[in-house]
Amino acid sequence: SEDWVDADGNILYYYGYGPNNYDVSIPAFLATYLGGETSDYTDLSENANSLSWRNLPKPNWTIKYDGLSKMDMFKDIFTSFTLNHSYRGAMQVNRFNTTLEYRGAIDNLSPVNDNYYSRIQIPAITISDQFSPLIGVSVKTKGEMTIEAEWRKSRSLALSLEDLREQTSNEIRFGFGYTIKNFRSNKKKKGKRRKDQEAAEKDDKKSGGLGRSGSRGGVKNNRGKTLTMNLDFSIMDTKELIYEVSQGVDGQVNSGQNTIQISPSVDYDINENLTMRFFFDYNYTQSAVAISSARRLNIKGGVTAQLKIN
């Protein structure tokens with residue numbers, strides 16, 4: 001019976017409580033990322049409900065503030081000006097088992113890894129944190145222009161007896177939109193259309209609103225169409241680190257990628273039932289792993305038509 005020691009003779013783990021012991025790895029993991037001391041979680045083997053009071057679900061929240069558009073310096077420029085922040089956290093245990101070989105505090109070791117049997121076995125446990133967004137801004141002007149920007153961050157920690165996997169994500173999003181109402185694609189006939197519209201308005205007045213530009217007495221509508229332009233842009237970095245806990249190895253990059261996305265689009269209302277959409281998508285991905293220089297570029301574009309049948 002010997003303790004786990006390093007090359008200098010320092011005790012790393014006591015006999016029977018090696019790195020693969022559930023009563024060692026789980027309390028150390030929870031104390032590191034949830035706070036407190038490992039002694040706060042060492043009673044897992046004796047009481048399966050010992051975490052119920054200490055780890056009540058933490059509150060998740062969403063905060064939005066839209067009072068800026070009501071300030072005197074902004075109310076003549078913006079119809080809405082919103083700041084938002086959101087957090088979501090979770091701890092997940094897929095399953096746990098009761099060890100049939102467990103005999104209490106007596107000296108019963110597992111012949112597999114020379115560890116004392118734990119009353120409760122937790123094969124895997126995951127802690128996740130998401131800020132979506134960490135900070136976000138959404139603006140809409142009185143000139144039908146919209147601007148959105150977000151910074152998102154997330155982290156996921158998955159512990160098993162073999163290793164600890166940490167996945168992180170960092171993303172910046174930007175969106176721009178502009179709407180033109182009464183848009184006319186043929187500007188050469190602008191003067192003629194204006195004269196026709198003025199004549200139609202006079203006829204409407206004479207006929208009580210049912211002239212040639214009306215909905216029942218006319219066959220021609222000189223009103224322009226709606227044109228909406230959008231541009232979405234995002235940069236995202238993802239990475240996964242693997243920590244070999246039992247070997248004391250620092251985190252090694254296992255996978256990850258850097259992604260750039262650009263997506264402009266234009267929507268044009270032909271009439272009340274038909275909308276044309278012109279779009280273009282650019283997606284560039286590069287591996288974040290040093291040993292891999294894989295790059296992928298996807299480009300697509302096209303035209304779609306949406307027909308509404310009433």
Side-chain angles (χ1 to χ4, degrees), residues 4-8 10-13 17-38 40-42 44 51 55 57-58 60 85-96 113 115 118 120-136 150-173 234-261 283-298:
W4 294 61
V5 297
D6 59 15
D8 298 328
N10 299 316
I11 297 178
L12 300 178
Y13 302 97
Y17 294 97
N20 293 329
N21 190 305
Y22 292 102
D23 289 338
V24 174
S25 60
I26 299 299
F29 176 70
L30 296 177
T32 301
Y33 294 103
L34 297 182
E37 302 293 335
T38 56
D40 298 333
Y41 305 93
T42 53
L44 285 174
L51 290 178
N55 293 284
K58 302 300 187 296
N60 300 331
H85 165 75
S86 178
Y87 169 77
R88 180 182 180 184
M91 183 177 71
Q92 182 178 2
V93 177
N94 293 328
R95 64 185 179 88
F96 63 90
N113 52 22
N115 284 323
S118 301
I120 302 296
Q121 295 182 354
I122 303 178
I125 183 170
T126 303
I127 296 177
S128 61
D129 298 290
Q130 296 179 355
F131 290 96
S132 55
L134 180 62
I135 183 171
E150 289 185 344
W151 179 19
R152 299 188 173 193
K153 294 180 70 70
S154 66
R155 180 185 68 174
S156 176
L157 299 158
L159 176 69
S160 65
L161 285 183
E162 291 78 17
D163 52 43
L164 170 64
R165 295 175 179 260
E166 179 181 10
Q167 295 180 343
T168 58
S169 174
N170 192 12
E171 180 181 11
I172 295 178
R173 292 184 175 184
S234 68
I235 299 177
M236 182 171 62
D237 297 334
T238 60
K239 186 177 296 184
E240 182 186 57
L241 299 177
I242 296 182
Y243 300 85
E244 296 183 9
V245 181
S246 60
Q247 304 297 327
V249 178
D250 293 335
Q252 303 293 324
V253 179
N254 180 54
S255 63
Q257 61 184 18
N258 304 321
T259 304
I260 299 177
Q261 292 182 339
N283 189 318
Y284 174 78
T285 303
Q286 182 177 1
S287 175
V289 182
I291 61 176
S292 174
S293 59
R295 299 179 181 180
R296 185 173 66 251
L297 176 62
N298 292 326

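In this chain, residues are counted from 1 in sequence order.
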Looking only at side-chain N and O atoms, does [Y] offer a donor or acceptor that is under 3.5 Å from a partner on [X]?
X    : Y    : answer
S118 : N21  : yes
Q130 : Y87  : no
N258 : Q286 : no
N170 : T168 : no

Open item on the list: I need the minimum non-hydrogen distance between S234 and E171, along with the two atoms involved.
Closed with: CB-OE2, 4.1 Å
From [X] [atom1] over to [Y] [atom2], what is the distance, rounded to the nearest 0.5 angstrom?
X    : Y    : atom1 : atom2 : answer
I235 : W151 : CD1   : CH2   : 13.0 Å
L241 : L164 : CG    : CG    : 9.5 Å
Y243 : L159 : OH    : CG    : 12.5 Å
Q257 : S287 : CD    : OG    : 8.0 Å
N254 : E166 : CG    : CD    : 12.5 Å

TODO: Side-chain contact test, heavy atoms from C-beta onward, threshold under 4.5 Å: evaluate it for R152 versus S169 and give yes or no.
DONE: no
Open item on the list: Do M91 and L30 make a side-chain contact, defined as non-hydrogen atoms from C-beta onward lying under 4.5 Å apart?
Closed with: yes
Task: Polar side-chain atom of N283 near backbone of Q261 as donor-acceptor pair, under 3.5 Å - done: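 No, N283 side chain to Q261 backbone: no donor-acceptor pair under 3.5 Å.
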Task: Polar side-chain atom of H85 near backbone of L134 as donor-acceptor pair, under 3.5 Å - done: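 Here the side-chain-to-backbone pair exists.
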Open item on the list: List the residues meeting salt bridge (charged side-chain N to carboxylate O under 4.0 Å, His left out) with R296, not counting sequence neighbours, and say none if there are none.
Closed with: none
Open item on the list: Run K239 and V253 through side chain to side chain contact (heavy atoms under 4.5 Å, CB included) and show every step you take.
Closed with: CA-CA 7 Å; K239 186 177 296 184; V253 179; 4.2 Å; yes
Task: By side-chain contact (heavy atoms from CB on, under 4.5 Å) - contacts of S160 (at least two apart) - done: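 Once residues adjacent in sequence are excluded, the partners of S160 under the side-chain contact (heavy atoms from CB on, under 4.5 Å) criterion are E162, D163.
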Side chains of residues 120-128: which donor-acceptor partners sit under 3.5 Å, not counting sequence neighbours?
residue	atom	partner	partner atom	Å
Q121	NE2	T99	OG1	3.1

- [ ] Given side chain to side chain contact (heavy atoms under 4.5 Å, CB included), test R155 with F131 step by step and report yes or no.
- [x] CA-CA 9 Å; R155 180 185 68 174; F131 290 96; over 6 Å; no
Task: Intermediate values then yes/no, side chain to side chain contact (heavy atoms under 4.5 Å, CB included), R295 and Y284 - done: CA-CA 8 Å; R295 299 179 181 180; Y284 174 78; 3.3 Å; yes
